[in-house]
Amino acid sequence: MTRTIGLIGGMSWESSAEYYRLLNEETRRRLGGHHCARSLLLTLDFAEIEAMQRAGDWEAAGRRLAQAAKTLEQAGAEMVLLCTNTMHRVAEAVEAAIGVPFVHIVDATAERITRAGLTTVGLLGTRFTMEMDFYRSRMLRHGLEILVPDEPGRTLVHDVIYRELTQGRVEDSSREAYRRIIADLAERGAQGVILGCTEITLLIGPQDSAVPVFDSTRIHVEHAADLASR
């Protein structure tokens, strides 16, 4: 790796730890030996961000994340990753605040899906990600149709993220519920499923789905590693 990767984390720290682990494992896989990734991690207080989400104050959240990105750039980051799907709702504010590349999680994930030849995929994430337009419309730019669970399914997926995964809890009963939701999406025509919340990778993997699983966390990391080595 020749470029320093800046990570905006803390949303939640459980998934940020996964980013850090995956980034360094990927670097060691590519370079071997004692190599690790040149990186900077700035951890925000998720309680503050979650309160802004509940209040619908996305403008304030955008300012907070934009400042975090500036701080990373000033510290030497040569690209910036936002270690969360939901907060890509304010990606434009973050990208506008910095002069180094912003690595968008939706673009990285969409590129992987289109390379696999898929056109219709299911999406699991927070209620914000599944119901707001910012994720779906960006996927549409890549020619991808997005399916989301029905209302009870969306509620379950969202609640597991906020009540369990962001609290460090991984429950077998929730894994079974997610498996049923994925199976329903596949029956409705999903050719694959996006793990569109960076905590879901703690709960669900390829073994839990009859259709291909696209782990946005891992894909984001691998894409950043590609860019950092150029």
Side-chain angles (χ1 to χ4, degrees), residues 5 7-9 11-30 37 39 81-88 91 103-126 128-130 135-136 138-139 142 144 146-149 153-154 156-158 160-162 164-166 168-172 174-186 190-228:
I5 300 171
L7 305 168
I8 305 175
M11 297 164 284
S12 64
W13 71 257
E14 281 84 1
S15 64
S16 302
E18 191 72 359
Y19 262 88
Y20 187 76
R21 180 184 68 81
L22 289 171
L23 183 57
N24 284 287
E25 285 184 353
E26 181 65 15
T27 302
R28 184 169 57 191
R29 184 189 70 80
R30 294 177 183 220
S39 63
L81 276 67
L82 183 53
C83 302
T84 159
N85 281 271
T86 296
M87 295 313 298
H88 275 72
V103 185
H104 202 295
I105 197 169
V106 175
D107 292 341
T109 305
E111 288 170 13
R112 184 70 62 87
I113 294 167
T114 54
R115 284 208 305 269
L118 279 57
T119 58
T120 304
V121 285
L123 172 64
L124 302 181
T126 66
F128 310 110
T129 299
M130 292 185 289
Y135 210 95
R136 186 190 305 268
R138 191 136 186 148
M139 282 287 176
H142 294 268
L144 296 173
I146 297 297
L147 302 177
V148 298
R154 295 197 302 274
L156 186 148
V157 170
H158 179 91
V160 166
I161 292 167
Y162 279 87
E164 297 175 16
L165 299 179
T166 59
R169 292 172 50 204
V170 179
E171 304 287 349
D172 288 340
S174 296
R175 182 177 295 109
E176 286 301 321
Y178 270 50
R179 286 171 175 167
R180 290 193 296 271
I181 290 170
I182 290 171
D184 180 66
L185 288 168
Q191 300 163 312
V193 63
I194 302 167
L195 306 186
C197 173
T198 52
E199 282 85 14
I200 295 179
T201 186
L202 304 172
L203 182 68
I204 290 291
Q207 71 278 5
D208 299 298
S209 173
V211 295
V213 168
F214 296 89
D215 177 357
S216 62
T217 302
R218 182 176 292 277
I219 292 169
H220 203 196
V221 164
E222 291 174 353
H223 187 62
D226 287 341
L227 294 175

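These figures come from a predicted structure and were not determined experimentally.
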| query | Does any non-hydrogen side-chain atom of Ile204 lie less than 4.5 Å from one of Ile182? | reply | yes
| request: Could you check Thr109, Asn85, Thr84, Thr129 and say which one makes a side chain to side chain donor-acceptor pair (under 3.5 Å) with Ser216? | output: Asn85
| message | Rounded at 0.5 Å granularity, tell me how far CD1 in Ile5 sits from OG1 in Thr27. | response | 6.5 Å
| query | Under a 4.5 Å cut-off applied to non-hydrogen side-chain atoms, are Tyr135 and Ile194 in contact? | reply | yes
| request: Would you please name every residue forming a side chain to side chain donor-acceptor pair (under 3.5 Å) with Tyr178, sequence neighbours left out? | output: none
| request: Check the pair Gln191, Thr119 against side chain to side chain contact (heavy atoms under 4.5 Å, CB included), reporting the backbone distance first and the verdict last. | output: CA-CA 7 Å; Gln191 300 163 312; Thr119 58; 3.3 Å; yes
| said: What I'd like to find out is whether the side chain of Met130 reaches to under 4.5 Å of the side chain of Pro149, using heavy atoms alone. | reply: yes
| said: Checking side-chain polar atoms at under 3.5 Å, does Glu199 have a donor or acceptor matched by the opposite partner on Ser15? | reply: yes
| field | salt bridge (Lys or Arg N to Asp or Glu O under 4.0 Å) between Arg30 and Glu26, intermediate numbers included | value | CA-CA 6 Å; Arg30 294 177 183 220; Glu26 181 65 15; 2.7 Å; yes
| task | State the OG-CD1 distance between Ser12 and Ile161, to the nearest 0.5 angstrom. | result | 10.0 Å
| said: Could you report the tightest heavy-atom contact between Val160 and Ser174, atom names first, then the distance? | reply: CG2-OG, 3.6 Å
| query | Quick check: does any side chain N or O of Asp184 sit under 3.5 Å from a backbone N or O of Arg180, one acting as donor and the other as acceptor? | reply | no
| Qualifying residues under side chain to side chain contact (heavy atoms under 4.5 Å, CB included), relative to Ala186, sequence neighbours excluded | Val211
| task | Evaluate side chain to side chain contact (heavy atoms under 4.5 Å, CB included) for Val148 paired with Arg136, printing each intermediate quantity in order. | result | CA-CA 10 Å; Val148 298; Arg136 186 190 305 268; 3.9 Å; yes
| message | Less than 4.5 Å apart, side chain to side chain, heavy atoms only: is that true for His142 and Asp107? | response | yes
| Just wondering, are more than 12 heavy atoms of other shown residues or ligands nearer than 6.0 Å to CZ in Arg154? | yes
| request: Find out whether Arg175 and Val170 are in side-chain contact, i.e. whether some heavy atom of one side chain is under 4.5 Å from a heavy atom of the other. | output: yes
| said: If you compare all heavy atoms of Ala190 against all heavy atoms of Gly122, which two are closest, and at what distance to 0.1 Å? | reply: CB-N, 3.6 Å
| message | I'd like to know if Glu25 and Arg21 make a salt bridge, using a cut-off of under 4.0 Å between side-chain N and carboxylate O. | response | yes
| request: Mind checking side chain to side chain donor-acceptor pair (under 3.5 Å) for Arg179 and listing every partner two or more places apart, or none if nothing turns up? | output: Glu176, Asp208
| Any side-chain heavy atom of Val121 within less than 4.5 Å of one from Ile146? | yes
| said: Checking the side chain of His88 only, and the main-chain atoms of Val106 only, is there a donor and an acceptor separated by less than 3.5 Å? | reply: no
| field | Nearest heavy atoms of Gly125 and Cys197, plus distance in Å | value | CA-CB, 3.9 Å
| message | Assess whether a salt bridge exists between Arg218 and Glu18, defined as any Lys/Arg side-chain N lying under 4.0 Å from an Asp/Glu carboxylate O. | response | no
| message | Within the 4.5 Å heavy-atom criterion, are Leu81 and Ile8 side-chain neighbours or not? | response | no
| task | List for me each residue that meets ring-ring contact (aromatic ring centres under 6.0 Å, His included) alongside Tyr19, sequence neighbours excluded, and say none if there are none. | result | His220
| task | For residues Phe214 and Gly192, report the shortest heavy-atom separation together with the two atoms involved. | result | CE1-CA, 4.4 Å
| request: State, with a plain yes or no, whether a side-chain heavy atom of Leu124 is found less than 4.5 Å away from one of Leu185. | output: yes
| field | Partners passing side chain to side chain donor-acceptor pair (under 3.5 Å) against Thr201 (at least two apart in sequence or in another chain) | value | Asp215
| query | Going through the distances and angles, do Ile105 and Thr217 end up as a side chain to side chain contact (heavy atoms under 4.5 Å, CB included)? | reply | CA-CA 8 Å; Ile105 197 169; Thr217 302; 5.6 Å; no
| Is the backbone of Pro206 close enough, under 3.5 Å, to the side chain of Ser209 for a donor and an acceptor to pair up by distance? | no
| field | Test applied, side-chain contact (heavy atoms from CB on, under 4.5 Å); reference residue, Leu7; option that passes from Leu23, Val221, Leu82 | value | Leu23
| request: Apply side-chain hydrogen bond (donor to acceptor under 3.5 Å, both in side chains) to Glu14 and Thr166, showing your working. | output: CA-CA 6 Å; Glu14 281 84 1; Thr166 59; over 6 Å; no
| task | Please identify each residue that fulfils ring-ring contact (aromatic ring centres under 6.0 Å, His included) with His158, with sequence neighbours left out. | result | Phe128, Tyr162
